[in-house]
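Notes follow once the structure below has been shown.
Start at 1 with the first residue, then count along the sequence.
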Amino acid sequence: MIKWTEDERAYYVWKPSGVPSTFGKEYSFLEELMDKRPPFFVQLMDEFSRDEEFGLLNRLDNATAGFLYFAKNHESKTSFKHMIES
């Protein structure tokens, strides 16, 4: 079961330990989301491309469990990037 919550700008999705956050040599959490298609992720697939990692804003080490953040739209993604840079 995929656990997630949201606010007006982002989705926060619990990534279990032992799985990569994003695409690479191993089956990743993003691929699991693509396969299971929870409602929030279907929206992300409409808004962002695979190359944009569907709006992913952070990554976690494979061994780390925790929240991955996904921007709901390009405006939120840009705002988050500006916030991090400053």
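- For the pair V13/K3, no side-chain contact is recorded, criterion being any heavy-atom separation below 4.5 Å from C-beta on.
- Hydrophobic cluster membership differs between F67 and F29, with clusters built from Ile, Leu, Val, Met, Phe, Trp and Tyr side chains linked at under 4.5 angstrom.
- Taking each heavy atom of Y27 and E32 in turn, the nearest pair found is OH-CA, 3.1 Å.
- Rounded to the nearest 0.5 angstrom, E6 CD and F40 CZ are separated by 9.5 Å.
- In summary, the aromatic rings of W4 and Y12 are positioned with their centroids too far apart to meet the 6.0 Å limit.
- For K77 against L57, the heavy-atom pair with the smallest separation is CG-CD2, 3.8 Å.
- Among all heavy-atom pairs drawn from P38 and L33, the shortest one is CD-O, 3.6 Å.
- Residues M45 and R37 are in side-chain contact: their nearest non-hydrogen atoms beyond the backbone lie under 4.5 Å apart.
- Residues M83 and S86 approach most closely at O-OG, 3.2 Å, considering heavy atoms.
- Aromatic rings of Y69 and Y11 (six-membered ring for Trp) have centroids beyond the 6.0 Å cut-off, not under it.
- Between T64 and K15 the shortest heavy-atom distance is O-NZ, 2.8 Å.
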Notebook entry, point to check: For F48 and E53, what are the C-alpha separation, side-chain angles and deciding distance, and is it a side chain to side chain contact (heavy atoms under 4.5 Å, CB included)?
Noted result: CA-CA 7 Å; F48 297 100; E53 297 178 318; over 6 Å; no

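- A salt bridge does not link E85 to K81: none of the charged side-chain nitrogens sits closer than 4.0 Å to a carboxylate oxygen.
- Within the model, atoms CD of E26 and CG of N62 stand 5.5 Å from one another, a figure rounded to the nearest 0.5 Å.
- Hydrophobic clustering keeps F80 apart from F70 (ILVMFWY residues linked when any side-chain heavy atoms are closer than 4.5 Å, directly or through intermediates).
- Judged purely by distance below 3.5 Å, without hydrogens or angles, the side chains of E75 and T78 never pair a donor atom with an acceptor atom.
- Atom OG of S76 and atom CD of E47 lie 9.0 Å apart (nearest 0.5 Å).
- Contact between T22 and S28 at its shortest, heavy atoms only, is O-CB, 3.1 Å.
- In this view, E52 satisfies the salt bridge (charged side-chain N to carboxylate O under 4.0 Å, His left out) rule with no residue, not counting sequence neighbours.
- Looking at heavy atoms from C-beta onward, Q43 lies out of side-chain contact with K72 at the 4.5 angstrom threshold.
- Separating the OG atom in S21 from the CG atom in N58 is a distance of 7.0 Å, to the nearest 0.5 Å.
- Rounding to the nearest 0.5 angstrom, the gap separating the CG atom in D46 from the CZ atom in F54 is 10.5 Å.
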Item checked: Full working for side chain to side chain contact (heavy atoms under 4.5 Å, CB included) between F23 and D51 -> CA-CA 10 Å; F23 307 113; D51 289 341; over 6 Å; no

